[in-house]
Amino acid sequence: MDAAATRCTISAVQKAFNVISILHLTSYALPDNDNDNDFPKFDFVVVGGGTAGSVVAARLAEDKKTQVLLIEAGGDPPVESSIPSILVYLTNSSVDWGYKAIDKSTTKGCKRSRNVGLALGRMLGGSTGTNYMLYGEGNRRQYNKWAKIVNDSSWDAEHLLPYFKKTQNIQNNKILNSCDEEFFGYDGPFKVTIENRFPVQEYLKAQKELGNMVVPAFTLNKTIGYSPAMYSIGCGLRQDTAYAYLTPIKDYPNLYVLKHALVTKILFDSHKNAIAVNVLIKNKIRTIRASKEIIISAGTVNTPKLLMLSGIGPKKHLKKKGVDLVYDLPVGRKLQSLSSTTIIFNMKNTNIMDTDKNPKEFPAVSYIGYVALNKSQCYADYQSLSFINYASDQIRYCTQIYEFPDRICNKFFGPYCNVKGYDENQMVFNLVTDLHPKSRGKVLLRSNHYKDPPLVYVRYLTEESELDNMVKYIKDYLKVLDTKTFKSLGAELVDPEIECCKDLKLGSDKYWKCYVKCLSAIRHYDCGTCAMGSVVNKRLKVYGVKRLRVVDASVVPVIPDGVLTSAVLVIAEKAADMIKEDYNL
Ligand SMILES: Cc1cc2nc3c(=O)[nH]c(=O)nc-3n(C[C@H](O)[C@H](O)[C@H](O)COP(=O)(O)OP(=O)(O)OC[C@H]3O[C@@H](n4cnc5c(N)ncnc54)[C@H](O)[C@@H]3O)c2cc1C
């Protein structure tokens with residue numbers, strides 16, 4: 001099996017899923033489309049039924065006198081998005097917006113595509129329907145920075161903890177009976193499980209040997225060490241916010257859901273009150289009014305696009321694109337993302353895993369490390385993520401998700417796929433991530449037409465110090481290869497024989513710098529394009545206009561440590577409380 005053949009198979013399976021989706025197998029569980037309604041006037045219009053939008057709409061609709069409209073560009077999540085083991089088929093599928101980001105940070109010699117897929121979900125549930133289901137709360141230090149930026153302690157970790165708990169439904173008895181119990185919630189809508197398949201503890205022994213702490217799970221307070229991964233999977237199903245938040249209230253008469261409807265513009269009156277939105281429904285633009293507020297939850301890329309199309313954004317840029325200015329704000333600037341470098345281990349003394357392939361489980365056995373180089377530091381410098389699986393599975397992620405060139409994926413996994421005569425051994429797909437990158441990207445309008453995708457520039461590893469740090473982190477992480485545990489598993493580093501690094505001494509700092517430039521990829525934790533403190537205030541209201549809020553990952557002012565879903569859920573729950581408070585609901 002090689003990378004090109006793998007991609008063909010993935011594309012054939014995706015076509016089959018497209019056919020299955022015509023059957024609308026999932027529609028019974030979700031609210032009906034209000035497509036043909038003669039629209040009444042709504043109290044609140046929520047734009048984007050994704051991760052945050054579904055939560056906000058569901059919480060506002062708890063007040064039965066309040067009329068809430070949720071508008072979503074996509075439809076119901078398809079059946080394949082709910083099956084955890086096949087997440088590889090969601091990237092570049094019909095529920096992906098298909099946006100490409102422009103990545104200028106990789107070296108020419110690598111011939112890596114400069115256009116990387118963002119894999120944003122276009123369906124009810126949004127990116128919780130396409131994401132990689134890794135769950136965590138992050139480090140309290142980052143949330144405390146949010147509170148400082150807006151000068152409001154209600155955004156610090158201590159005050160956000162009840163919101164984390166409100167969203168969660170942790171499905172794990174060990175946690176329930178441990179001293180970490182108080183850091184988790186057990187009856188929220190969003191189910192979370194913890195990796196417990198056999199090889200994980202075996203691999204974690206190596207980290208103990210190195211003196212690293214191994215904990216059952218990370219919490220806001222326990223943020224250094226190694227732990228089995230946590231997943232947004234519950235009862236064998238992916239947890240997206242459509243199923244978690246909208247399914248239980250699908251019959252509420254005051255919640256209207258408009259699917260396959262693209263919001264093209266926010267309309268303001270002469271006092272800069274947001275009063276209505278233009279929506280493209282079945283090729284016709286219709287205007288829908290909100291009497292109280294419009295809430296934009298279209299995500300890190302589409303929220304700035306919509307604001308800019310509506311006249312809210314950097315004055316010069318809007319003028320250049322021919323958009324009339326409503327208010328000058330740094331919308332779309334300071335896009336924060338994480339990137340990670342891929343390192344592959346072949347574990348030649350291992351073979352079958354103690355677990356059959358189960359569609360209800362995460363596709364690889366996984367564990368996470370949060371590591372500080374200075375052992376007295378209370379926050380991690382880097383995160384390591386390790387996925388244990390067979391080569392024939394790993395190659396699919398290499399080519400489809402990380403979009404590495406075929407020759408790299410073939411070098412990494414080709415020789416180990418379907419080895420005849422004996423069982424395949426395990427391979428570990430490691431991602432080493434700098435948790436505090438300095439580089440920032442941006443989102444710009446391509447044109448003033450809603451049909452054109454925005455220009456998304458991701459920037460990472462553009463500063464020399466970021467590269468130096470990554471080299472330090474990788475060398476630190478590779479110490480695991482010298483442990484007794486890994487030696488007994490036959491661990492060896494796989495050399496991808498990168499063309500442009502071939503003249504450098506293997507293992508030297510120069511070699512690793514070259515390797516990092518060639519084999520780093522976006523982690524999809526994009527945020528910050530309408531950040532609190534610069535585009536929205538501490539109550540998430542857009543500066544300079546009235547009756548308009550943004551509630552999604554774009555408002556995150558400082559990227560959390562290697563997690564985003566949980567933070568977006570928390571923002572949405574807190575936003576719903578703030579809105580209820582403002583309108584006495
Ligand atoms: C591929 C991928 C993998 C990830 N993996 C992880 C992970 O493992 N762990 C983790 O913690 N985080 C992960 N993340 C990040 C996390 O999933 C996202 O940050 C989060 O889901 C974003 O939520 P949101 O509400 O901001 O946007 P979304 O969930 O993307 O919601 C935006 C919604 O708005 C709709 N929309 C957009 N424009 C319009 C419009 N004009 N009109 C109508 N509707 C519109 C979209 O269709 C979408 O439904 C991942 C993200 C991606 C993309």
Side-chain angles (χ1 to χ4, degrees), residues 45-56 70-77 87-88 90-93 95-97 99 101 116-138 192 229-233 238-242 258-266 277-281 295-307 309-310 336-338 362 366 368 385 400-402 431 450-451 453-454 521-530 550-556 559-569 571-572 575:
V45 169
V46 181
V47 177
T51 312
S54 298
V55 177
V56 174
L70 178 63
I71 308 177
E72 168 53 42
D76 294 337
L87 70 87
V88 74
L90 297 165
T91 302
N92 295 325
S93 72
V95 289
D96 177 341
W97 277 83
Y99 287 172
V116 288
L118 286 171
L120 304 172
R122 182 178 181 137
M123 61 186 134
L124 283 181
S127 299
T128 45
T130 52
N131 77 10
Y132 305 151
M133 299 177 288
L134 294 159
Y135 188 86
E137 293 179 340
V192 174
M230 294 172 97
Y231 306 120
S232 35
I233 297 175
R238 170 195 282 271
Q239 297 298 290
D240 64 50
T241 50
L258 196 51
K259 300 175 214 174
H260 305 290
L262 181 81
V263 175
T264 60
K265 196 170 181 181
I266 307 157
V277 287
N278 278 351
V279 193
L280 182 73
I281 309 164
I295 296 133
I296 310 297
S297 299
T300 296
V301 175
N302 278 317
T303 288
K305 178 188 169 189
L306 182 60
L307 290 182
L309 284 175
S310 311
Q336 300 183 47
S337 320
L338 296 179
F362 190 76
S366 323
I368 302 191
L385 247 173
Q400 176 78 356
I401 303 245
Y402 295 99
L431 300 175
Y450 61 82
K451 278 197 178 149
I522 191 167
R523 276 287 298 280
H524 302 290
Y525 289 15
D526 306 320
C527 58
T529 49
C530 301
V550 174
V551 182
D552 59 26
S554 72
V555 304
V556 167
I559 196 162
D561 275 5
V563 300
L564 203 47
T565 305
S566 60
V568 175
L569 290 173
I571 289 168

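Because the structure is a prediction, the values reported are computed rather than measured. Indexing begins at 1, ligand by ligand and atom by atom, following the structure's order.
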Worksheet item: Is a side-chain donor or acceptor of D240 paired with a backbone partner of G129 at a separation under 3.5 angstrom?
Response: no
Response to the item:
Quick note on ligand 1: atoms under 4.0 Å from a heavy atom of G299 include exactly 26 (O), 27 (O), 32 (C)
Worksheet item: L306 near ligand 1, heavy-atom distance under 4.0 Å?
Response: no
Practice prompt. Find all atoms of ligand 1 within a distance of less than 4.0 Å from any non-hydrogen atom belonging to L262, and give their numbers and elements.
Written response: 40 (C), 41 (N), 42 (N)
Response to the item:
Given the options L306, V301, T529, L309, P454 meets side-chain contact (heavy atoms from CB on, under 4.5 Å) only with V301
Discussion item. Is the shortest side-chain heavy-atom distance between T91 and S93 below 4.5 Å?
Written reply: no
Discussion item. Less than 4.0 Å is my threshold; does some heavy atom of W97 fall inside it relative to ligand 1?
Written reply: yes
Discussion item. Just so I know, are the side chains of Y132 and I401 near enough to count as touching, which here means a heavy-atom distance under 4.5 Å?
Written reply: yes
Discussion item. Give me the nearest non-hydrogen protein atom to atom 9 (N) of ligand 1 as residue plus atom name, then the distance to 0.1 Å.
Written reply: L134 O, 2.7 Å
Practice prompt. May I ask you to decide whether D96 forms a salt bridge with R122, counting only side-chain N to carboxylate O separations under 4.0 Å?
Written response: no
Worksheet item: Does any N or O atom in S127 lie less than 3.5 angstrom from one in ligand 1, N or O only?
Response: yes
Discussion item. Using a 4.0 Å cutoff against the non-hydrogen atoms of G126, which atoms of ligand 1 qualify?
Written reply: 29 (O), 48 (C), 49 (O)
Worksheet item: N/O of A553 under 3.5 Å from N/O of ligand 1, yes or no?
Response: yes
Item to complete: State the atoms of ligand 1, each with its element, that fall below the 4.0 Å cut-off from a heavy-atom position in V568.
Response: 23 (O), 25 (O)
Discussion item. Show the atoms of ligand 1 that are less than 4.0 angstrom away from any heavy atom in G121.
Written reply: 46 (C), 47 (O), 48 (C), 49 (O)
Item to complete: For D526, check salt bridge (Lys or Arg N to Asp or Glu O under 4.0 Å) against everything at least two apart and list the hits.
Response: none
Worksheet item: Side chain, backbone, both or neither: which part of M133 comes within less than 4.0 Å of ligand 1 when only heavy atoms are counted?
Response: backbone
Discussion item. Does either side chain, that of Y450 or that of N278, offer a donor lying less than 3.5 Å from an acceptor on the other one?
Written reply: no
Worksheet, complete the sentence: atom 29 (O) of ligand 1 has as its nearest protein heavy atom T51 OG1, 2.5 Å
Practice prompt. Within a distance under 4.0 Å of any heavy atom of A261, pick out the atoms of ligand 1 and give their elements.
Written response: 42 (N), 43 (C)
Worksheet item: Does G53 come within less than 4.0 angstrom of ligand 1, counting non-hydrogen atoms of the residue?
Response: no
Fill in: side chain to side chain contact (heavy atoms under 4.5 Å, CB included) involving E137 - partner list, sequence neighbours excluded
F164, Q168, F184, T219, L220
Worksheet entry | Atoms in ligand 1 with a heavy atom of L118 nearer than 4.0 Å | 53 (C)
Worksheet entry | Sub-4.0 Å atoms of ligand 1 with respect to non-hydrogen atoms of A52 | 25 (O)
Worksheet entry | Check: S54 side chain, G49 main-chain N or O, donor-acceptor pair, under 3.5 Å | yes
